[in-house]
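What follows is a short report on a single structure.
Along the sequence shown, residues carry numbers from 1. These numbers come from the heavy atoms of this one structure, side chains and all, not from hydrogens, waters or symmetry mates. As the structure is a computational prediction, the values presented were derived from the model and not from experiment.
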Amino acid sequence: MSKIKKIQLFKPHILKNVQYKGGSTRSETGGTEQVYKMSSNENMLGASPKAVQAIQDNVHLLNEYGFQFDEKLRDALAKHHQNDLTPNQFITANSGMELLELMCRAFLDKGLECILCTPTFKAYKNFAYVEGAKAIEIPLIGDNFDLDTEGVLAAVNNKTRLIFLATPNNPTGTIISAEAINTLLDRLPDHVIVVYDEVYFHYVENPDFVKAVDFIKKGKHVIGLHSFSKAYGLAGIRLAYAFSTPEIAQYLNNARRPFMINTLTMEAGLAALTDVEHLEKTIQLNTQEKPYLYAELDKLGIEYWRTEANFILMKSPIPNAVLTAKMLENGIMIRSCEPFGMEGFSRITIGTHEANEAFIAAFKKITNHLSSLARAK
């Protein structure tokens, strides 16, 4: 009797993949309503009121299938972007995560490569690994975490398909200069696509910031990524959209499934796009509160990086794990940057003035206490 060859059931590269883990939720930390959640870059003013109302108005439709396709949302997005792009240039999905997974599934495979510029959002690497692709990491350079344009270009080869660029970047809060991105795009071969993740773009104040749409209108191989999770305050409904050239967008839409976005999410997203007042309040709050946190961190002698997003990267005066745990004991959730490969750094969301004052008070209390213990030894 011939011996039956054992068939490998599991894909080895998926077995080895370490799944992305974001910041902790309130329930995971045992947090209550009294805890200020300054760890996940959410909108601390809450959700768009118009979006909340749209959800309430459509709850009675939950027994029916909703939007098989997303034409209504893509039409609204085109209008929202002043018709710089046509509806068929948008791709919608359940969160930016799902769009990133879709891009990797569409363009990456075993034997192919992508490039990411670290430290940055770790999900890029995770999704690439799921497809069996190799992720090439090019570190950001200098004191301001600048894009290493020459380093990226040197890493491009015939296997490269995607380059992930985040601007503003998470966790640094920095943007890619117009000169750097223009140089990169002008010198990339046609078989490489740049995923231009600008989910924090609403908060940018720097006039040097350039948007993905500017390159897409020129026919560049760029995919822009936006989310309803940040400025619109809708992280819980999981809605985002990408946009690109008609050819790339059509290809990605071919890989989408029907009935992807549920009824309540669709209606909430449509309503949020019209909620100008909530968006303006959100941006204004962020602009007003950044100087307060800068000034307080300066007084404490803490090194930090000026941000173009709704969070601040800072160096921790004590080990990350200790600081994170002690802050939580004092009712503040912050994010250790060790998962980004940045030991000794922490990230804090810019919140309401009340939350920011609570953060500074807790931070002072913890560092003063530890300093007193050190002096007593």
Side-chain angles (χ1 to χ4, degrees), residues 96 99-100 103-104 106-108 112-129 133-201 203-226 242-245 247-248 304-309 311-313 337 340-342 345 347:
L99 284 165
L100 291 171
M103 295 172 204
C104 289
F107 293 106
L108 297 179
L112 297 179
E113 296 178 359
C114 68
I115 295 172
L116 50 145
C117 302
T118 55
T120 194
F121 192 44
K122 284 198 69 178
Y124 307 145
K125 185 176 181 178
N126 291 106
F127 289 133
Y129 280 178
K134 184 178 181 180
I136 308 298
E137 299 185 32
I138 305 298
L140 298 171
I141 57 176
D143 294 336
N144 293 316
F145 301 103
D146 295 317
L147 180 69
D148 183 0
T149 307
E150 295 302 322
V152 172
L153 288 167
V156 172
N157 57 45
N158 290 337
K159 298 177 182 179
T160 310
R161 293 295 180 271
L162 298 176
I163 298 176
F164 293 98
L165 299 179
T167 180
N169 182 46
N170 177 16
T172 63
T174 52
I175 62 170
I176 301 171
S177 71
E179 180 183 3
I181 188 62
N182 277 303
T183 298
L184 179 66
L185 290 174
D186 286 345
R187 293 168 60 186
L188 282 177
D190 288 340
H191 69 270
V192 178
I193 294 173
V194 170
V195 179
Y196 204 75
D197 184 345
E198 51 184 21
V199 297
Y200 296 100
F201 79 96
Y203 300 107
V204 176
E205 297 178 69
N206 192 322
D208 193 36
F209 181 64
V210 284
K211 296 182 179 180
V213 66
D214 298 325
F215 304 114
I216 293 168
K217 286 163 64 177
K218 296 176 182 177
K220 297 290 187 180
H221 283 184
V222 171
I223 304 172
L225 180 63
H226 288 184
F243 46 98
S244 190
T245 64
E247 182 183 27
I248 293 173
Y304 63 90
W305 279 258
R306 289 181 173 266
T307 182
E308 294 296 335
F311 55 85
I312 296 174
L313 176 72
C337 288
F340 295 92
M342 302 182 75
F345 290 78
R347 192 193 69 196

**Request:** Identify, with sequence neighbours excluded, every residue that meets side chain to side chain donor-acceptor pair (under 3.5 Å) alongside Glu308.
**Result:** none

**Request:** Establish, yes or no, whether a centroid distance under 6.0 Å links the rings of Phe243 and His226.
**Result:** yes

**Request:** Quick one: list whatever passes side chain to side chain donor-acceptor pair (under 3.5 Å) with Tyr203, sequence neighbours left out.
**Result:** none

**Request:** Quick one: closest heavy-atom pair of Pro171 and Pro119, and the distance?
**Result:** CD-O, 3.9 Å

**Request:** For the pair Trp305 and Phe145, name the ring-plane relationship: parallel under 30°, tilted 30 to 60°, perpendicular over 60°.
**Result:** tilted

**Prompt:** Closest heavy-atom contact between Cys117 and Leu147?
**Reply:** SG-CD1, 3.5 Å

**Prompt:** Who are the salt bridge (charged side-chain N to carboxylate O under 4.0 Å, His left out) partners of Arg306, not counting sequence neighbours?
**Reply:** none

**Separation of Asp197 CG from Leu116 CG (nearest 0.5 Å)** = 12.0 Å

**Request:** Start with the C-alpha distance between Thr307 and Leu313, add both sets of side-chain angles, then the distance that settles side chain to side chain contact (heavy atoms under 4.5 Å, CB included), and finish with yes or no.
**Result:** CA-CA 8 Å; Thr307 182; Leu313 176 72; over 6 Å; no

**Item:** Aromatic Phe107 / basic Arg161 pairing, under 6.0 angstrom, 45° off normal
**Value:** no

**Request:** Drop me the distance from Ile193's CD1 to Cys114's SG, to the nearest 0.5 angstrom.
**Result:** 12.5 Å

**Message:** Can you tell me how far apart CG (Leu165) and CD1 (Ile223) are? Round to the nearest 0.5 Å.
**Reply:** 12.0 Å

**Item:** Closest contact, heavy atoms only, Ala155 versus Ile136
**Value:** CB-CG2, 4.1 Å

**Prompt:** Taking C-beta and beyond as the side chain, do Ile181 and Val210 meet within less than 4.5 Å on heavy atoms?
**Reply:** yes

**Request:** Could you list the residues that satisfy salt bridge (charged side-chain N to carboxylate O under 4.0 Å, His left out) with Lys159, not counting sequence neighbours?
**Result:** none

**Asked** Does Gly219 offer a backbone N or O that forms a donor-acceptor pair with the side chain of Thr245 under 3.5 Å?
**Response** no

**Request:** Hey, could you give me the CE/CD1 distance between Met103 and Ile248, rounded to the nearest 0.5 Å?
**Result:** 10.0 Å

**Request:** Return each pair, listed once, that meets ring pair (Phe, Tyr, Trp, His ring centres under 6.0 Å) where at least one residue sits in residues 154-192; pairs must be two or more places apart or across chains.
**Result:** Tyr124-Phe164

**Asked** Going by heavy atoms in the side chains, are Leu188 and Val194 under 4.5 Å from each other?
**Response** yes

**Message:** What's the separation between atom CG in Leu153 and atom CD1 in Ile138, rounded to the nearest 0.5 Å?
**Reply:** 10.0 Å

**Prompt:** How long is the gap from CG on Asp146 to OG1 on Thr174, to the nearest 0.5 Å?
**Reply:** 7.5 Å

**Asked** Are any side-chain N or O atoms of Asn169 and backbone N or O atoms of Thr118, one a donor and one an acceptor, separated by less than 3.5 Å?
**Response** no

**Message:** Assess the residue pair Phe340 and Phe121 against the criterion (ring-ring contact (aromatic ring centres under 6.0 Å, His included)); give the C-alpha distance rounded to whole Å, side-chain angles, the decisive distance to 0.1 Å, and a yes or no.
**Reply:** CA-CA 7 Å; Phe340 295 92; Phe121 192 44; 7.8 Å; no

**Asked** Is there a side-chain contact between Val152 and Ile163, using heavy atoms and a 4.5 Å cut-off?
**Response** yes

**Message:** For a side chain to side chain contact (heavy atoms under 4.5 Å, CB included) check, start with the C-alpha distance between Lys122 and Asn126, then their side-chain angles and the critical distance, and finish with the verdict.
**Reply:** CA-CA 7 Å; Lys122 284 198 69 178; Asn126 291 106; 4.2 Å; yes

**Complete:** Sorted by chain and number, sequence neighbours left out, side chain to side chain donor-acceptor pair (under 3.5 Å) with Asn157 holds for Glu113, Thr160

**Request:** Check Ala180 against Thr149 and note the closest heavy-atom contact, atom names and distance.
**Result:** CB-OG1, 3.7 Å

**Prompt:** Can you list the residues that meet the salt bridge (charged side-chain N to carboxylate O under 4.0 Å, His left out) rule with Lys220, with sequence neighbours excluded?
**Reply:** Asp186

**Item:** Partners meeting side chain to side chain donor-acceptor pair (under 3.5 Å) with Lys211 (sequence neighbours left out)
**Value:** none

**Request:** Would you mind listing every salt bridge (Lys or Arg N to Asp or Glu O under 4.0 Å) that reaches into residues 134-145, with sequence neighbours excluded?
**Result:** Lys125-Glu137

**Request:** Taking side chain to side chain contact (heavy atoms under 4.5 Å, CB included) as the test, write out the residues that go with Thr167, two or more places apart.
**Result:** Ile175, Ile176, Tyr196, Phe209

**Glu198 (side chain) donor-acceptor with Gly224 (main chain) under 3.5 angstrom** = no

**Asked** Do you know which two heavy atoms are closest between Tyr304 and Ile312, and how far apart they sit?
**Response** CB-CG2, 4.0 Å

**Message:** Could you walk me through whether Val192 and Leu162 satisfy the side chain to side chain contact (heavy atoms under 4.5 Å, CB included) test, starting with their C-alpha distance in whole Å, then the side-chain angles of each, then the deciding distance to 0.1 Å, before giving a yes or no?
**Reply:** CA-CA 6 Å; Val192 178; Leu162 298 176; over 6 Å; no

